[in-house]
Amino acid sequence: MDNDELLEPETKDDSDTVSAPQSSDETLYCEAEDSAAVEKEKPARESSETDLEIEDTDKLFTTGQRELYLEACKLVGVVPVSYFLRNMEGSYVNLNHHGLGPNGTKAIAIALVSNTTVLTLELADNSIMEEGILSLVEMLQENYYLQEMNISDNNLGLEGARILSEFLQNDTSSIFSLQLSDKSSDTGILVSPKYGNNFKEESAELFCQALSANYRIKTLDLSHNQFSDKAGEYLGQMLAFNIGLQSLDLSWNHLHSRGAVALCSGLRVNTALKKLNLSMNSFGNEGASALGEVLRLNNRLAHLDVSSNNISNEGLSKISRGLEANESLRVLKLFLNPISMDGAVLLILSIKKNPKSKMEDIDISETETERLGHLPRTTKQVRNTARSRPRASSFYCSVL
């Protein structure tokens, strides 16, 4: 089948990939090159599928990128993805759920080595496995334009985590946003995690070792994994040293009280993190107490989500005490926790006691208070200037 036939169905975004036998011992560059004898007969620009010396003109760039990808697909034995061919000159490429596999990912990586336009690459749910992540890492060692990458739900496992952590330790790429979650079933409805990358405690240790010295990564999504208390210890140690990470998502993991306390020990001294999602874990009141101490000492964190963590009025009182001294938090999410009306009032009063509070939104929807019917299912505002009894909202309390 020739290239024209492969690209005929232009309206179809997803194209199945067909694997072909290949050697996995060579790097992208070795596999993308022809023999030395053939190279000498070709013009310099065509000597290698990963040649970085493509002339800097729009016409040659466009032609070269398409040809490079098509040749890479022939090399690894997969069908070209027409969507990628149509969008490889844009800044955003979404290849989620395309069934690329390791070989299809390698073809994409070869084409992106010399690409200067793609800034965001979505590759979730493609079963790229460790062979695919190795191809991407080799590409990122040459491509300094790609900034955001989503490789969630790709069955990377411990070996994939090791490859990725070694790459992060080098701290040389331009990547600042990395998603390593399971987003394949993200419908906006709360569902059980699917463990799309099978990351466990050992993977957490590898990532934390790398991020203790990597200051380029600003946004990291590690949600829907299998991190438990030992991982909380690694994460706490990492946060104590990291000065670059600004947003961290650890929702839908298995962090309990011991892991929560260890995590918070690092948060107390962290000076960079602004947004932290800890929802759908099991912090309990002991973890909430540790969070209260974080809020008392940390004046950098602006957005905190501890929804569905089995925090009752006892734990909320500790969080409230921390909020009396906090000068940075703007958003606090506490929905799906067993909080009563007394706890909600205590929370609002603690904020009103703090003249330097920056709090704007508190989400206490679906708490015990709402289920008992004590709070209306509407949004109300509590103004700092008013000194009357504060009103807690079922969905949001906007403290203006």
Side-chain angles (χ1 to χ4, degrees), residues 229 232 236 250-251 255-270 276-375 380-384 386-399:
D229 289 343
L250 292 171
S251 61
L255 298 171
H256 296 82
S257 297
R258 184 166 64 88
V261 171
L263 177 69
C264 289
S265 66
L267 278 173
R268 285 200 298 267
V269 296
N270 182 275
L276 178 62
N277 188 347
L278 297 169
S279 62
M280 308 302 161
N281 283 283
S282 299
F283 272 42
N285 291 329
E286 187 177 350
S289 178
L291 279 172
E293 188 66 10
V294 169
L295 293 174
R296 188 178 71 85
L297 299 173
N298 184 306
N299 280 308
R300 183 66 171 174
L301 197 63
H303 187 291
L304 177 62
D305 189 344
V306 285
S307 303
S308 189
N309 268 280
N310 197 29
I311 297 172
S312 67
N313 286 358
E314 179 186 346
L316 188 62
S317 67
K318 306 298 183 181
I319 292 176
S320 299
R321 191 171 302 170
L323 289 174
E324 291 180 5
N326 185 272
E327 300 178 13
S328 63
L329 199 67
R330 295 178 180 273
V331 177
L332 176 62
K333 295 189 176 185
L334 286 159
F335 70 85
L336 290 176
N337 281 297
I339 299 170
S340 71
M341 184 66 176
D342 290 339
V345 170
L346 180 64
L347 182 67
I348 301 303
L349 286 174
S350 68
I351 296 168
K352 293 172 71 65
K353 287 179 183 178
N354 182 359
K356 296 184 178 180
S357 174
K358 299 294 192 301
M359 188 67 72
E360 297 172 356
D361 296 315
I362 302 176
D363 183 347
I364 51 174
S365 59
E366 297 297 331
T367 60
E368 181 181 336
T369 299
E370 181 181 287
R371 288 194 295 273
L372 292 174
H374 294 303
L375 290 175
K380 295 183 181 296
Q381 296 180 336
V382 178
R383 300 186 182 278
N384 283 331
R387 292 303 175 186
S388 59
R389 188 172 185 270
R391 294 175 292 179
S393 161
S394 62
F395 286 103
Y396 276 92
C397 277
S398 296
V399 184

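In what follows, residues are counted from 1 in the order of the sequence shown. The analysis underlying the following values was restricted to heavy atoms, covering all of them including side chains, and did not include hydrogens, waters or symmetry mates.
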Do you see a donor-acceptor pair shorter than 3.5 Å between the side chains of Asn298 and Ser328? no

By salt bridge (charged side-chain N to carboxylate O under 4.0 Å, His left out), Arg268 pairs with (sequence neighbours left out) none

Supply the atom-to-atom distance Leu316 CG to Ser350 OG, rounded to the nearest 0.5 angstrom. 8.0 Å

Gap separating the CG atom of Leu267 from the CG atom of Leu291, nearest 0.5 angstrom: 7.5 Å

Those residues at least two apart in sequence (or on a different chain) that pass side chain to side chain donor-acceptor pair (under 3.5 Å) with Asp305 are Ser307

Report the distance from atom CG of Asp361 to atom NZ of Lys333, rounding to the nearest 0.5 Å. 8.5 Å

Heavy atoms from other residues, nucleotides or ligands near CD of Glu314 exceed 12 (cutoff 6.0 Å): no

Would you compute the distance between atom OG of Ser251 and atom CG of Leu276 and round it to the nearest 0.5 angstrom? 10.0 Å

With sequence neighbours left out, write down each residue that passes salt bridge (charged side-chain N to carboxylate O under 4.0 Å, His left out) with Glu293, or none if nothing qualifies. Arg296

Ala288: partners by side-chain contact (heavy atoms from CB on, under 4.5 Å), with sequence neighbours left out: Ile311, Ile319

Enumerate the residue pairs fulfilling salt bridge (charged side-chain N to carboxylate O under 4.0 Å, His left out) with a member in residues 315-326, sequence neighbours excluded, ordered by first and then second residue. Glu324-Lys353

Using the rule side chain to side chain contact (heavy atoms under 4.5 Å, CB included), only one of Leu304, Ile362, Asn299 pairs with Leu329; which is it? Leu304

Which residues pass the side-chain contact (heavy atoms from CB on, under 4.5 Å) test with Leu346, sequence neighbours left out? Ser317, Ser320

